[in-house]
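First up is the structure itself, then whatever we jot down about it.
Side-chain atoms are counted along with the backbone in the values below, which use heavy atoms only and exclude waters and symmetry mates. Letters A, B, ... are given to chains in the order of the sequence lines, protein chains preceding strands, and every chain is numbered from 1.
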Amino acid sequence: MPEEAAAIATEESPTEDLSTLEANRRAKLAKISELGHDPWGGRFDDRSLIGEIRARAGEITYKVPDEAGGETVHELPPLETEEQCKAFRQWKADQGRGELVGPKVRAAGRIVLHRDKGKLHFIDIRDLTGDLQVMVGMKQVGDDWELAQQFDLGDLIGVDGTLIRSNTGELSILAEKLHFMAKSIAPPPDKHSGLQDPELRQRQRYLDLIHTEGVLPRFLDRTRIVASIRNTLAQQNFVEVEGPTLHGIAGGAAAKPFQTHHNALDIELNLRIALELHLKRLMVGGIERVYEMGRVYRNEGISQKHNPEFTMLEVYQAYGNYESMMDLTEACITGAIEAIQAVHPAGARGDATSEVNYCLPWGGTTIDFKPPFARMTYNQLFAMHAGVDPEDEQAVAKLAESIGIPTEGRHPDVIKNDVFEEKVEDALEGPVFVTDYPASICPLTKRKRDNPEIAERFELFIQGMEVANAYTELNDPDLQEELFKTQLSGLSDEDSMAKMDHDFIRALRYGMPPAGGLGIGIDRLVMLLTGTQSIRDVILFPLLRPER
RNA sequence: GGGCCGGUAGCUCAGUUGGUUAGAGCAACGGACUUUUAAUCCGUAGGUCGAGCGUUCGAAUCGCUCCCGGCUCACCA
């Protein structure tokens, strides 16, 4: 053979033995077709969820025919311990005849374990609601026995059979008819340890959902939390809307936007960084209680608490103020806790009562969400955790210097706030509503009537994380315009004119009702309510570098 | 961007001071088994040790560069 040809042959062979595992699975796929089954399945009506099937365990009986031609129906004893199972097997043997009788059931799921014991296979299938054992016996399934030989871990199958218990008490479907739904050509991860590499877990989230314990329930909890918040808001007559995500001017927060371009209009656009300005326009339009829960995009760093796209809830309530938003925040969070606990049996969390447990695990500790949450002023917390009188500018500046915060030529309140972020926020285990912020660091907030130094604002801190932020909103268009200009004063005229949202100011000039406004970071709230330390574990597909 | 740690079979991981042909479990393949529980038992096959360059008689192991990831600090909110 010429050298070149040999080189080509070896170059090509890697693709072929790239995976003998895959080749084996493809061979079985072909065999399934030969046996007259569609290896990619089809509609499968009237199946029950595994959770529903498990709930029917009590219907299983043991029928013993008697001499008169009738039969005696025996209820099954508890079969939880080895002794109980052994005793039941002995009892069955003593009866001489009789059989387990259970309801006919139909299930579908993914094969996650496979124990092949000669002419009887034990197959564990998994669906959204849990796992269930299927017993496939050569005698019981007849022609489908050959199909069962083509099953691999990861395949999706359907089963018709009788719900029974095995000799060891395990609830099982004794299969009578098998159906093939889809072949897993790619081999699944280790059946026991699953995926460990955090990158693979995020990149191939589908595998993580199937194989990593706790992942699917956590994301289902996320969905329940979101649904519950919508419920709470609906009950209080808030109207959900959908604002634009493409903004000419990305306003409503101080963050770097992602930039994009519209071809037909030939204009530059930004992905939104906040929901605020359009929701306020809608309040002008008469939607007095309005909210949006949606994705915002910030072109900034990634950390355990930051993903470039995240879900934000913003709520505005006409004729309310920041204090109305405190009650609403509490209602949303406690409602969400009740919603996720309603689906987890109380015992599963080691809690014998059926009452809602507001103490949720977090790292090695717990967070007590029992309402009402603590409410403390900014200055109180400052004195408590920074150990310095917040009114004493000299002492605050001295403390700032000592922890490396620059003070030269900066506003005392700005220095104070740097110290607050450094010394106080991390110490706030919470939940605690921090109120009465210095007005100078909250330019877009209404001030207290009796004390213009204090802004009507709160932030909710839990475990050092800022979870919610609320204001009594500014509705004076002239003042708003003024503050926009001040905010942009560092930029060139060209830039500042470009960034001034004139339409928003124009809207305010038609009169926006006085209102309370609230923002909640949904991802962070989900982290706290599910005991998850990383934001990437509550986002199904966090941003990753492209695969190389 | 800085510091620390890591990348070995499809998956989970060992691999000594640089020393023979790189190992195990699971998964796969062949065989036994109709009540198993990560089934078990016997046998077989499976590797560009992240990539490249270098040091050396000899490199998974040492050095340099790069790629990828994790943790952490910084940045950002």
Legend entry - Residue pair A:His179 / A:Asp160, side-chain donor-acceptor N/O under 3.5 Å: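 A pair is found: one side chain offers a donor N or O, the other an acceptor, under 3.5 Å apart.
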Legend entry - Between A:Asp94 and A:Gln90: side-chain donor-acceptor atoms closer than 3.5 Å: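 Short answer, yes.
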[N] versus [M] - spacing of their [atom1] atoms, nearest Å:
N: B:rG50; M: B:rA45; atom1: P; answer: 25 Å
N: B:rG18; M: B:rU61; atom1: C1'; answer: 6 Å
N: B:rU20; M: B:rA32; atom1: C1'; answer: 37 Å
N: B:rG52; M: B:rC33; atom1: P; answer: 49 Å
N: B:rC62; M: B:rG19; atom1: P; answer: 11 Å

Could you state the atom-to-atom distance from [atom1] of [X] to [atom2] of [N] in whole Å?
X: A:Lys256; N: B:rC75; atom1: NZ; atom2: C1'; value: 8 Å
X: A:Phe258; N: B:rC76; atom1: CZ; atom2: P; value: 17 Å
X: A:Glu300; N: B:rC76; atom1: CD; atom2: P; value: 9 Å
X: A:Leu195; N: B:rG69; atom1: CG; atom2: P; value: 17 Å
X: A:Lys117; N: B:rA32; atom1: NZ; atom2: P; value: 14 Å
X: A:Leu113; N: B:rU35; atom1: CG; atom2: P; value: 19 Å

Inset, instruction - Compare the minimum distances between each of B:rG70, B:rC33, B:rU34 and the side chain of A:Pro198, then state the nucleotide with the smallest one. - result: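 Among B:rG70, B:rC33, B:rU34, the one nearest the side chain of A:Pro198 is B:rG70.
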Inset, instruction - Identify whether any heavy atom of A:Ser193 sits under 4.0 Å from a base atom; if not, whether one sits that close to sugar-phosphate; answer base, sugar-phosphate or nothing. - result: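 Sugar-phosphate, no base atom in range.
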Legend entry - Sugar-phosphate or base contact per nucleotide [nucleotides 26-31 of chain B; S, B, -; heavy atom under 4.0 Å]: BBSS--
Inset, instruction - State whether A:Arg536 places a side-chain N or O below 4.0 Å from either non-bridging phosphate oxygen (OP1 or OP2) of B:rG70. - result: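 Yes, such a contact exists.
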Inset, instruction - Look at the side-chain N and O atoms of A:Arg115 and state whether any lies under 4.0 Å from the OP1 or OP2 oxygen of B:rA39. - result: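 It does, given that an N or O in the side chain of A:Arg115 lies less than 4.0 Å from OP1 or OP2 of B:rA39.
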Inset, instruction - May I ask you to check whether over 12 heavy atoms, not counting those of A:Lys183, lie within 6.0 Å of atom NZ? - result: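 Yes, NZ of A:Lys183 has more than 12 neighbouring heavy atoms, counting only those of other groups under 6.0 Å.
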Inset, instruction - Assess whether atom CD of A:Gln463 is packed by more than 12 heavy atoms of other residues, nucleotides or ligands within 6.0 Å. - result: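 Correct, the count exceeds 12.
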Inset, instruction - Could you label the plane-to-plane angle of the A:Tyr62 and A:Phe88 rings as parallel, tilted or perpendicular, counting under 30° as parallel and over 60° as perpendicular? - result: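 Rings of A:Tyr62 and A:Phe88: perpendicular, over 60°.
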Inset, instruction - Take the angle between the ring planes of A:Phe382 and A:Phe420 and call it parallel below 30°, perpendicular above 60°, tilted in between. - result: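 Taking A:Phe420 first and then A:Phe382, their aromatic rings lie parallel (interplane angle under 30°).
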Inset, instruction - Could you list by number each residue of residues 417-429 of chain A showing a heavy-atom separation from RNA chain B of less than 4.0 Å, or answer none if no residue does? - result: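 Within this stretch, A:Glu421, A:Glu425 sit under 4.0 Å of the strand.
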Legend entry - For RNA chain B, the residues among residues 118-137 of chain A that have a non-hydrogen atom under 4.0 Å from it: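 Within this stretch, A:Gly118, A:Lys119, A:Leu120, A:Phe122, A:Gln133, A:Met135 sit under 4.0 Å of the strand.
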